[in-house]
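These notes concern the structure reproduced below.
The model shown is predicted, which means the values in this text are computed figures rather than measured ones. If you read the sequence from its start, that first residue is 1, and numbering goes on from there.
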Amino acid sequence: MLQESSRLSMSRIRCILRGIDLKTYIFLFILVPTCIFGIYIHGQKISYFLRPIWESPPKPFHDIPHYFHENVSMEALCELHGWRIREFPRRVYDAVLFSNEVDILTIRWKELYPYITHFVLLESNSTFTGIPKPMVFASHRDQFKFIEPRLTYGTIGGRFKKGENPFVEEALQRVALDYLLKIAGISDDDLLIMSDVDEIPSRHTINLLRWCDDIPQVLHLRLKNYLYSFEFLVDNNSWRASVHRYQTGKTRYAHYRQTDEILADAGWHCSFCFRHISEFIFKMKAYSHNDRVRFSHYLNPKRVQRVICKGADLFDMLPEEYTFKDIIGKMGPIPRSFSAVHLPSYLLENADKYKFLLPGNCLRENE
């Protein structure tokens, strides 16, 4: 009985196979595997391109126009913003988590130095992804003697839990930064800048906020968004940097949206702006979005250099946008900018040292 059933099944299969023509065979054995391989290679691109379908855009910010000219009095500038001038400026604290961005940290602190009361920096011996790292700031501390009297430097040991969501380690380090701020002596109504090292507020922005009364309790800063150097201007939509009027027990160091208020044209965000190819590769493996390194050849130094000079994406991704119009409009390499106007003054004063950050200098050192 079983043998008869087996023979009937085999005969049915043979009948089905005889009924399949050559085109169907080609589809089954060539096109289907090709499609599966294509989805494997480009699945992330497909997901990002379809983002407008599965994710709604965030609520728009309320943009506050930003007025500035060096020949206009501070009283007039405060009034233009609808604020009043103070009798004396607030104290300002600049607090950052540090990984390995020595060049950008130098430019940041030189830009902000005239108006910062206290610099606070926290460094870990672990990346967010659990990779051991040297104490880079500690080994370069002599380069920052100009801020030493105003510096509170702290360290934190990593937990080295590989496979854990990197944002867990990042959140723990930001909590430690809250504690370090208290050690530094921050108090109510002091201004606190919350931003990554490469999110640099302009000095006149901070001077405005420390001198004006009635500014929002929390204010995001809209920064010009650059990639690799100040040659590749992505857009003007970097928003995570923020300034807070500190409140004991309420203000918590964070790097997400905390208000709807944002001040226009308030500085620069220079992402992946490194001197050495090795620094690019380290960050690709170390930062919270390391899952974007889907293939090992992404980390090939020659490929990284080609991508930088082209203004393309290191992770071969589509733009992270919420409308098809914006996605299509930003596809492909970033157009080059030949403007070096309104950049941090220390960068231009030391152009020979930092030429890799200026237009026309995409080649990086191979150390």
Counting heavy atoms not belonging to [X], are there more than 12 under 6.0 Å from its [atom1]?
X      : atom1 : answer
Tyr179 : OH    : no
Asp352 : CG    : no
Glu87  : CD    : no
Lys355 : NZ    : no

Does [Y] offer a backbone N or O that forms a donor-acceptor pair with the side chain of [X] under 3.5 Å?
X      : Y      : value
Asp189 : Arg245 : no
Trp268 : His342 : yes
Lys59  : Asp260 : no
Glu199 : Ser242 : no
Thr117 : Val92  : yes
Tyr93  : Gly185 : yes
His244 : Tyr246 : no
Arg364 : His276 : no
His220 : Trp239 : yes
Asn207 : Arg203 : no

Going by an N to O cut-off under 4.0 Å, is there a salt bridge joining [X] and [Y]?
X      : Y      : result
Asp235 : Lys224 : no
Lys250 : Asp188 : no
Glu75  : Arg84  : no
Asp196 : Arg174 : yes
Arg222 : Asp265 : no

Quick one, Arg210 with Asp190, criterion salt bridge (charged side-chain N to carboxylate O under 4.0 Å, His left out). Give me CA distance, side-chain angles, the key distance, then yes/no. CA-CA 9 Å; Arg210 76 188 190 115; Asp190 290 342; over 6 Å; no
Shared hydrophobic cluster, [X] / [Y] (ILVMFWY, side-chain heavy atoms < 4.5 Å):
X      : Y      : answer
Tyr354 : Leu112 : yes
Phe146 : Tyr115 : yes
Ile308 : Leu358 : no
Phe232 : Phe338 : no

Given Tyr153 and Glu123, is the side chain to side chain donor-acceptor pair (under 3.5 Å) satisfied, shown in steps? CA-CA 8 Å; Tyr153 169 61; Glu123 182 173 27; 2.6 Å; yes
Work out which heavy atom in [X] is nearest to a heavy atom in [Y]; give both atom names and the distance.
X      : Y      : answer
Arg90  : Ile215 : NH1-CD1, 3.9 Å
Leu122 : Ala176 : CD2-CB, 3.7 Å
Ser202 : Thr205 : OG-OG1, 2.6 Å
Tyr67  : Leu80  : CE1-O, 3.4 Å
Asp316 : Arg294 : O-NH2, 3.9 Å
Thr129 : Pro166 : CG2-CG, 3.9 Å

Gln143: which of Lys145, His140, Arg141 passes side chain to side chain contact (heavy atoms under 4.5 Å, CB included):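 The single option meeting the side chain to side chain contact (heavy atoms under 4.5 Å, CB included) with Gln143 is His140.
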Residue that, paired with Ile116, satisfies side chain to side chain contact (heavy atoms under 4.5 Å, CB included) out of Ile147, Asp94, Leu191: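 That would be Asp94.
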I'd like to check [X] versus [Y] (side-chain heavy atoms, cut-off strictly below 4.5 Å). Are they in contact?
X      : Y      : result
Phe128 : Leu97  : yes
Met74  : Leu208 : yes
Ser99  : Val136 : no
Val304 : Leu299 : no
Ser126 : Lys133 : no
Asp326 : Tyr322 : no
Thr127 : Phe282 : yes

Measure centre to centre between the rings of Phe274 and Tyr228, then say whether the value is under 6.0 Å.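 No.
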Would you call the rings of [X] and [Y] parallel, tilted or perpendicular, taking 30° and 60° as the class edges?
X      : Y      : result
His204 : Phe68  : parallel
Phe295 : Tyr298 : perpendicular
Tyr226 : Phe230 : perpendicular

Working for side chain to side chain contact (heavy atoms under 4.5 Å, CB included), residues Arg91 and Ser187: CA-CA 9 Å; Arg91 301 194 308 168; Ser187 59; 3.2 Å; yes
For the pair Glu321 and Lys330, evaluate salt bridge (charged side-chain N to carboxylate O under 4.0 Å, His left out) and give the outcome as yes or no after the intermediate values. CA-CA 9 Å; Glu321 298 293 342; Lys330 287 187 176 181; 2.7 Å; yes
Salt bridge (charged side-chain N to carboxylate O under 4.0 Å, His left out) evaluation trace for Asp103 with Arg108: CA-CA 9 Å; Asp103 288 311; Arg108 176 195 184 90; over 6 Å; no
Test: salt bridge (charged side-chain N to carboxylate O under 4.0 Å, His left out). Region: residues 296-315. Which pairs qualify, not counting sequence neighbours?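 Qualifying pairs: none.
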